[in-house]
Amino acid sequence: MGSAAKAATHPAANRKLAGIALLVAAVACFAVLDTTTKFISLSVPVLMALWFRYAFQAIATTVAVLPKRGWALLQTAHPKFQCLRGVLLLTTSLLAFFSLKYMPVGEFTAIVMITPLLITLLASITLGEQVSVLRWALVIGGFAGTLVIIRPGGERFDWTMLLPLGLVVSHAWFQILTSRLARTEDPFTMQFYTGWVGTLIASLALPFVWTSLDSWTLWASLFLMGLMGTVGHFMMILAYARAPVSTLTPFLYAQIGFAMLGGWLAFSHVPDHLSMLGMGMIAVCGAAGAWLAVRESRVTLQPPES
């Protein structure tokens, strides 16, 4: 009986470990995406780079999913909300691209990781849920960590450091809407509409911002950016299919470490002591707050996207 129980638990444990490994690989892809985005933003117009990022993901998703699902992939009961979700994610990505143009990758990633904490407040407002004293303490701690990084009034403060805060707001509403649609909509249908809404809107600006690229390095970077975004999202889907959200949520904050590594390797940037303190505060408070949110069945949490 004991050996049979152990045999039964091994597959479940292995699936959880596989889910964790896939999630860590996914956030590593997102860190590479952000680092590459910062590199590209120094030479390529932001809207042009944004178009490449969305077009790659939209085409890849269509090629991979449409042959299997057929035209049923396009069926949705909420086309307006699907479009709104696409607009919110495009806004999030646009703010991410501009933020990364001016900010180090590690500090940017840490600030946007307060998104789950903001979702706590939005869920309380929109769903009428009670927020415990502990959760309020975690929210305050996370925002305090953000202030330590931004340091309003300090010598290093610049208005561009506020861009990630706008991203946090737009992405929080995106996740709230996602959690509502996920109750009735196919996740692949949601992914399909999100990619193509972003691509079509970005296409409107493309003729005005298009710039010829003579360097193969920039073309390779654009390809890498699209590939990392697509592969990262695909790994996220596989991870959540293998392990519960409560198990995976704390590992989302590994993205901060990968982002710091990317910033160091690509730009030789190392956060100062205060920034490291703020990043640590956000990681601890955010991971604890996100774990509580999942345990209390509030909303499904995902990492911020670029």
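Keep in mind that what you see is a predicted model, and the values were worked out from it rather than measured. Note: hydrogens, waters and symmetry copies are ignored here, and every other heavy atom, side chains too, is used.
For the 3.5 Å distance criterion, the side chains of Tyr54 and Ser93 qualify, holding a donor opposite an acceptor. Using modelled atom types and a 3.5 Å distance limit, the side chains of Thr62 and Trp196 yield a donor-acceptor pair. With 3.5 Å as the limit, one finds a donor-acceptor pair spanning the side chains of Asp272 and Ser275. If you check the side chains of Ser170 and Thr92, you find a donor sitting under 3.5 Å from an acceptor.
Judged purely by atom type and a 3.5 angstrom limit, Ser43 has no side-chain atom pairing as donor or acceptor with the backbone of Ser41. Side-chain atoms of Trp219 come within 3.5 Å of backbone N or O of Leu213 as a donor-acceptor pair. A donor-acceptor pair is defined here as one N or O able to donate and one able to accept, closer than 3.5 Å; no such pair exists between the side chain of Thr189 and the backbone of Glu185. Of the possible donor and acceptor atoms, one in the side chain of Arg85 sits under 3.5 Å from a partner among the backbone N and O of Met190.
The aromatic ring centroids of Phe56 and Trp51 lie 6.0 Å or more from each other.
Of all the heavy atoms in Leu90 and Gly198, the pair that sits closest is CD1-O, 4.0 Å. Contact between Ser99 and Pro164 at its shortest, heavy atoms only, is OG-N, 3.5 Å. Residues Met276 and Pro271 approach most closely at CG-O, 3.8 Å, considering heavy atoms. Nearest heavy atom pair, residue Cys29 against residue Gly232, reads CB-CA, 3.9 Å.
In this structure, Leu88 CG and Cys83 SG are separated by 11.5 Å, a value rounded to the nearest 0.5 Å. Here the CD1 atom belonging to Ile111 is positioned 6.0 Å from the CG atom belonging to Leu165, to the nearest 0.5 angstrom. Here the CZ-NZ distance, from Phe108 to Lys38, works out to 10.5 Å after rounding to the nearest 0.5 Å. Interatomic distance, Leu50 CG to Thr199 OG1, rounded to the nearest 0.5 Å: 9.0 Å. In this structure, CD1 in Ile40 is found 7.5 Å from CZ in Phe97, a value given to the nearest 0.5 Å. Atoms CZ and OG1, from Phe81 and Thr76 in turn, are 10.5 Å apart once rounded to the nearest 0.5 Å.
Contact annotation: the side chain of Phe30 never approaches that of Phe258 to less than 4.5 Å [non-hydrogen atoms, C-beta and beyond]. Two residues are said to be in side-chain contact when any heavy atoms from C-beta on lie closer than 4.5 Å; Leu167 and Phe98 fail this criterion. Taking 4.5 Å as the limit, every side-chain heavy atom of Thr37 sits out of range of all side-chain heavy atoms of Val105.
Shown are Leu95, Leu33, Asp34; of these, the side chain to side chain contact (heavy atoms under 4.5 Å, CB included) with Leu100 is made only by Asp34.
In the hydrophobic clustering of ILVMFWY residues, with side-chain heavy atoms under 4.5 Å counting as a link, Val63 and Leu73 come out together.
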Under 3.5 Å, which donor-acceptor pairs link side chains of residues 221-230 to any protein atom two or more places apart or in another chain?
residue: Ser221; atom: OG; partner: Thr217; partner atom: O; Å: 2.8
residue: Thr230; atom: OG1; partner: Gly226; partner atom: O; Å: 2.9

